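Report on the structure given below.
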Amino acid sequence: MSDHKRKRGAGQILYDMKHVLVGVLCLIMILLLIVAVTRHRTSASVRTVTEISEESVEAHTPDFEVELLTVNEYSRPGIALEEVNGIVIHYTANPGTSAEANRDYFEGLKDSHETKASAHFIVGLEGEIVQCIPTAEIAYASNDRNSDTLSIECCYENEDGSFNQATYDSVIHLTAWLCAKFGLTSDDVMRHYDITGKLCPVYYVENPDAWEQFLADVDAYLASM
């Protein structure tokens, strides 16, 4: 092989190695950026919660009606929560029904024995909130996480399962307030789907960008407290 060809071959190898190196460096930079953004979001959430005073939590308490279920083995077992480590968002899977109607369905399970189901809070189509179970007790809502989570059941009108604006605003307010009250962040807010794989709340499972926006809106509300 001539010196010219050797030089040309060596030059090509160096050229290819430079491109590979640049590609690897770009990939590393992208990964570092993702990690940095994730850490920033988490630390920002933690900082927001730790800076919220008890007075501010009290001042931002949402309006809700307390209509506790009768203690019974089908919807309110009266078992104490171990601790509050998360908040789980659900949807009723029954379009057009009200918060009161869903609360009454849970209450009726003590007589019908149809299934075991309930939630701590239900948010209605007009943004109304009904509390069904004290936050110190478990609800039959989130399967293996019943013992350490609070559950919010959400009413909806559209077949796709999306929440109307009144419902959405109330759910954001309630979720953020519960986060502040129990020292949680948006990282501790999850869908029923995240626990069991069930398509609940279906719109926010099928539209992950909408779920990310939901969490961002919770962060924004926490930052305003």
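Quantities reported herein were computed from a predicted structural model and do not represent experimental measurements. Index from 1, following the sequence.
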message: Around atom NZ of K198, are there more than 12 heavy atoms from other residues, nucleotides or ligands closer than 6.0 Å?
response: no

message: According to a hydrophobic-cluster definition based on side-chain heavy atoms being under 4.5 Å apart (Ile, Leu, Val, Met, Phe, Trp, Tyr only), do Y74 and I79 belong together?
response: no

field: Separation between CD1 of I133 and OG of S151, rounded to the nearest 0.5 Å
entry: 6.5 Å

message: Can a side-chain donor-acceptor contact be found between Q213 and D217 if the only test is distance below 3.5 angstrom?
response: yes

- prompt: Is atom CD of E67 surrounded by more than 12 heavy atoms (other residues, nucleotides or ligands) closer than 6.0 Å?
  reply: yes

task: Report yes or no: do L150 and V66 belong to one cluster of Ile/Leu/Val/Met/Phe/Trp/Tyr joined by side chain heavy-atom distances under 4.5 Å?
output: yes

field: CG-CD1 distance between L174 and I172, expressed to the nearest 0.5 angstrom
entry: 10.0 Å

task: Kindly determine whether H90 and S142 satisfy side chain to side chain donor-acceptor pair (under 3.5 Å), including the steps that lead there.
output: CA-CA 9 Å; H90 305 255; S142 304; 3.2 Å; yes

- prompt: Around D144, counting heavy atoms of other residues, nucleotides and ligands shown, do more than 12 lie under 6.0 Å from its CG?
  reply: no

field: Any donor-acceptor pair under 3.5 Å from H173 side chain to D169 backbone
entry: no

- request: State, with a plain yes or no, whether a side-chain heavy atom of F64 is found less than 4.5 Å away from one of V130.
  value: no

- request: For the pair T185 (side chain) and D187 (backbone), establish whether a donor and an acceptor sit closer than 3.5 Å, ignoring hydrogens and angles.
  value: yes

query: Is W211 reaching over with its side chain to a backbone N or O of V205, donor-acceptor style, under 3.5 angstrom?
result: no

statement: Of all heavy-atom pairs linking N102 and C155, the shortest is ND2-SG, 3.7 Å

message: Please find the pair of heavy atoms, one from L81 and one from T135, that lie closest to each other, and give the distance.
response: CD1-O, 2.9 Å

- request: With rounding to the nearest 0.5 Å, note down the distance linking OH in Y91 to OH in Y193.
  value: 13.5 Å

field: Any donor-acceptor pair under 3.5 Å from Y156 side chain to N94 backbone
entry: yes

field: Heavy-atom side-chain contact between C179 and I87 under 4.5 Å
entry: yes

message: Please evaluate residues S186 and D219 with respect to the criterion side chain to side chain donor-acceptor pair (under 3.5 Å), reporting the C-alpha separation (whole Å), side-chain torsions for both, the decisive distance (0.1 Å), and the verdict.
response: CA-CA 6 Å; S186 62; D219 281 335; 2.8 Å; yes

query: Are Y204 and F163 an aromatic pair by the rule of ring centers under 6.0 Å?
result: yes

message: As an exercise, state the distance from CD of E55 to CD1 of I52, rounded to the nearest 0.5 Å.
response: 12.0 Å

query: With respect to E157, which candidate in T167, N164, T97 satisfies the side-chain hydrogen bond (donor to acceptor under 3.5 Å, both in side chains) definition?
result: N164

query: Yes or no on side chain to side chain donor-acceptor pair (under 3.5 Å) for N72 and S75, after CA distance, side-chain angles and deciding distance?
result: CA-CA 6 Å; N72 72 93; S75 55; 2.9 Å; yes

query: Would a distance-only check, ignoring hydrogens and angles, find a side-chain to backbone donor-acceptor pair under 3.5 Å from R76 to A139?
result: no

task: Side-chain contact test, heavy atoms from C-beta onward, threshold under 4.5 Å: evaluate it for F182 versus D188 and give yes or no.
output: no

query: Heavy-atom distance under 4.5 Å between the side chains of L184 and V189, does that happen here?
result: no

task: Tell me whether W177 is reachable from M190 by hopping between hydrophobic residues (I, L, V, M, F, W, Y) whose side-chain heavy atoms are closer than 4.5 Å.
output: no

- prompt: Can you tell me how far NE2 of H120 sits from CD1 of I129, rounded to the nearest 0.5 angstrom?
  reply: 14.5 Å

message: On a heavy-atom basis, which atom in L69 and which in E107 lie closest, and how many Å separate them?
response: CA-OE1, 3.3 Å

- prompt: Short question: side chain of E128, backbone of V123 - any donor-acceptor pair under 3.5 Å?
  reply: no

query: Got E153 and F106 here, is their nearest side-chain heavy-atom distance under 4.5 Å?
result: yes

Side-chain heavy atoms of P77 within contact of I138, under 4.5 Å: yes

query: With a 4.5 Å limit on heavy-atom distance, are the side chains of F121 and L178 in contact?
result: yes

- prompt: Can you name the closest pair of heavy atoms from D160 and Y203 and give their distance?
  reply: O-CB, 3.3 Å

- prompt: OG1/T175 to CG/L215 distance, rounded to the nearest 0.5 angstrom?
  reply: 9.5 Å

- request: Report whether I195 and V84 are members of the same hydrophobic cluster (ILVMFWY, side-chain heavy atoms less than 4.5 Å apart, transitive linking).
  value: no

query: Would you call the rings of Y221 and H60 parallel, tilted or perpendicular, where under 30° means parallel and over 60° means perpendicular?
result: perpendicular

- line: Between Y140 and E73, the two heavy atoms sitting closest are CE1-O, 3.2 Å

- prompt: Going by atom types alone, do N143 and T196 pair a side-chain donor with an acceptor below 3.5 Å?
  reply: no

message: With a 6.0 Å cut-off on the ring centroids, do Y168 and F214 count as close?
response: yes

query: So which heavy atom on G78 is nearest to which on E137, and how close?
result: CA-OE1, 3.5 Å

message: Do C132 and I122 have side chains that approach each other closer than 4.5 Å (heavy atoms only, starting at C-beta)?
response: yes

